Amino acid sequence: MRVKLAPLIAGVLPLPLLLGGCAEAPRLLDEVLEAGELRVITRNSPVTVYQGLDGLEGPEYDLLQGFAQFLGVRLVLREADRFAELFDAVASGEAHLAAAGLTVTEERERRVRFGPSYQPVRQQLVYRLGTGRPASFADTQGRRLEVVAYSSYVEALRRARAEHPELVWIENPQADATELLMAVDSGAIDFTIVDSHIFETYRRFLPELRAAFDVTETDSLAWAFPIDRDDSLLLEAERYLDGLRASGDLAFILERYYGHKTRFDYVNKRTFIRSFQRVLPRYEAQFREAGERYGFDWRLLAAIGYQESHWNPEAISHMGAQGLMMLTSNTARAMDVSNPFDADQSIMGGARYLAKMRDRVPDHVPEPDRTWMAMAAYNMGFARLIDAREITRMTGGDPDRWADLKEALPLLMQRRWYSLVAPRDPPRGEPPPIGGHKPHKKKK
């Protein structure tokens, strides 16, 4: 999905000219504070900034918005159409910094000054399953390897050529990593190179893709600042990121966007894609109606339905939960569901129950943590959520942060932990504890 970001101020003049001849330029930080805005150039993608349901989202967006608030200014974003624009905008002064999942490289350090690293990645050679996995660059000879022009991947390939003189590749100035991954998936090209976090993100949508080998061991992602200006803004970014690390907020942001992406099952992913294409359209209207009525993104409700029953309205668990949203008999009655095997009733009852769980989460818990906790309570019962929050406190975590609380969930299965919290049975109308919904079977 493309997102139209606000343009930067065009035609920025060098400050000495604006101030009259040889006047010394102010510190970059002072310039930002005086203007009241932080101008950033970025790129549109799921690993940077993108248009979400409620506005702009993405790991870079969360980090940049926090930095702007840290400085007490507003964030102004511009989208770069081509990779080379990122560095040109910083060099010309149109942007105070560039933030687009930029890898720190020696060649780039001759053009910009990098701030502190906020995420480690690896470059990976990507191919399509069934086309033969290359063991090294030697196995790419005679086949089409294409990478984003002006990217760090080009620099890595130039270094690799010292060991593999026969190595050849195409540098595409028009395509981005997404388009090249899709080209590999379609067979239009044989290989491309992307960073590991990009591969983990896209293979969930393109499950035939595989990483053949790591091209680099460890790279660092960082923001790029002007090399010909002072380091005052960079030092503030360092202070900001140090604070995020100390508070755990940096880990929280990365977990939010990437934590689930490292878990991948090829067979399940293929099953999901088939169901997404063939089964979900039958129930999309019901999910949309339920989402609108109870204030949820309909896609979230659909995801719960798939997790619970694979969108099978006749599913029954070994614990007795029934229907597309896998409601127990007590929950179904409490949610006014007379027939749990009726997909319409099940979807509406499931949405109503999720809303009930969300309402019971303490008011001070912010979103999206509040909804994530409601989803956990939907699966295991609110009483178990209370137990998990208590264990989170015991282990030194923050019970109001999902990133901390989810680490306590497996501990509920261990006697030495669940014996420490007050024993309680799920109140009437709530689902059974963890593990109560699997496996599924069809209603006879």
Side-chain angles (χ1 to χ4, degrees), residues 2-12 14 27-29 31-32 35 37-50 56-68 70-71 73-121 123 148-155 173 176-178 194-195 197-198 219-241 244 250 253 257:
R2 302 292 291 178
V3 51
K4 195 67 174 178
L5 305 181
L8 293 183
I9 299 175
V12 177
R27 296 191 314 157
L28 185 56
L29 175 61
E31 180 182 317
V32 171
E37 63 183 29
L38 177 69
R39 301 194 304 271
V40 180
I41 187 163
T42 186
R43 297 206 72 192
N44 183 92
S45 84
V47 297
T48 53
V49 180
Y50 61 89
L56 296 180
E57 298 181 17
E60 290 283 17
Y61 179 76
D62 287 3
L63 290 173
L64 290 167
Q65 186 64 39
F67 185 40
F70 178 80
L71 296 175
V73 299
R74 71 187 184 98
L75 177 64
V76 178
L77 295 175
R78 171 189 162 189
E79 179 186 352
D81 292 325
R82 296 182 300 108
F83 213 85
E85 289 181 35
L86 297 166
F87 302 102
D88 293 341
V90 172
S92 68
E94 292 183 11
H96 296 126
L97 65 93
L102 297 175
T103 303
V104 179
T105 70
E106 291 183 5
E107 185 173 320
R108 288 175 174 176
E109 287 182 311
R110 290 193 284 268
R111 299 189 61 193
V112 296
R113 179 185 286 123
F114 281 103
S117 171
Y118 57 85
Q119 185 178 355
V121 296
Q123 293 184 29
V148 177
Y150 313 109
S151 66
S152 59
Y153 316 134
V154 175
E155 296 182 46
D176 57 20
T178 302
V194 297
D195 290 329
H197 68 307
I198 297 176
D219 292 328
S220 297
L221 302 186
W223 293 341
F225 297 82
I227 198 169
D228 58 351
R229 297 292 300 272
D230 66 278
D231 60 359
S232 56
L233 185 61
L234 186 153
L235 292 176
E236 284 300 289
E238 186 173 344
R239 285 184 54 213
Y240 164 68
L241 290 171
L244 285 188
L250 179 59
I253 291 173
Y257 289 100

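Numbers here simply count residues along the sequence, with the first being 1. Every value quoted in this text rests on a predicted model; they were computed, and no experiment measured them.
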Quick one: side chain to side chain contact (heavy atoms under 4.5 Å, CB included) partners of [X], sequence neighbours excluded?
X	value
A224	A98, L102, V112, F114
Q65	Y61, Q69, L75
A91	none
P46	T201, Y202

Please report the interatomic distance [atom1]([X]) to [atom2]([Y]), rounded to the nearest 0.5 Å.
X	Y	atom1	atom2	value
L77	L64	CG	CG	6.5 Å
L71	L233	CG	CG	6.5 Å
D88	E94	CG	CD	9.0 Å
S151	R108	OG	CZ	7.0 Å

Who passes side-chain hydrogen bond (donor to acceptor under 3.5 Å, both in side chains) against [X], sequence neighbours left out?
X	result
S232	D230
Y118	E60
R82	none
D231	none

Considering all heavy atoms, the nearest [X]-[Y] contact:
X	Y	value
I41	A89	CD1-CB, 3.5 Å
E238	P116	CA-CG, 3.8 Å
S45	Y50	O-CD2, 3.5 Å
Y150	P173	CE1-CB, 4.4 Å
V76	R74	CG2-NH1, 3.5 Å
T105	S152	CG2-CB, 3.8 Å

With heavy-atom distances below 4.5 Å as the criterion, would you say the side chains of [X] and [Y] are in contact?
X	Y	result
H96	V40	no
R27	R229	no
R39	E31	yes
D176	N44	no
V32	E37	no
V47	D195	no
L97	L38	yes
V90	I227	no

Salt bridge (charged side-chain N to carboxylate O under 4.0 Å, His left out) involving [X] - partner list, sequence neighbours excluded:
X	answer
E107	R158
E155	none
D62	R256

Handout entry: Partner set under ring-ring contact (aromatic ring centres under 6.0 Å, His included) for Y153, not counting sequence neighbours
Key =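 So Y153 forms no ring-ring contact (aromatic ring centres under 6.0 Å, His included) with any residue.
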Problem - Derivation of the side chain to side chain contact (heavy atoms under 4.5 Å, CB included) call for L234 and L29 - result: CA-CA 8 Å; L234 186 153; L29 175 61; over 6 Å; no
Exercise for the section: Could you tell me if the ring centre of F70 sits under 6.0 Å from that of Y240? Expected result: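 Yes.
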Exercise for the section: Give a yes or no answer on whether the side chain of T48 reaches the backbone of R43 with a donor-acceptor pair at less than 3.5 Å. Expected result: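 Present.
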Practice task
Answer yes or no: is there a donor N or O on one side and an acceptor on the other, between the side chain of S117 and the main chain of A222, under 3.5 Å?
Solution key: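 Checking the backbone N and O of A222 against the side chain of S117, no donor-acceptor pair under 3.5 Å is found.
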Problem - Check against side chain to side chain contact (heavy atoms under 4.5 Å, CB included), E79 and T42 - result: CA-CA 5 Å; E79 179 186 352; T42 186; 5.5 Å; no
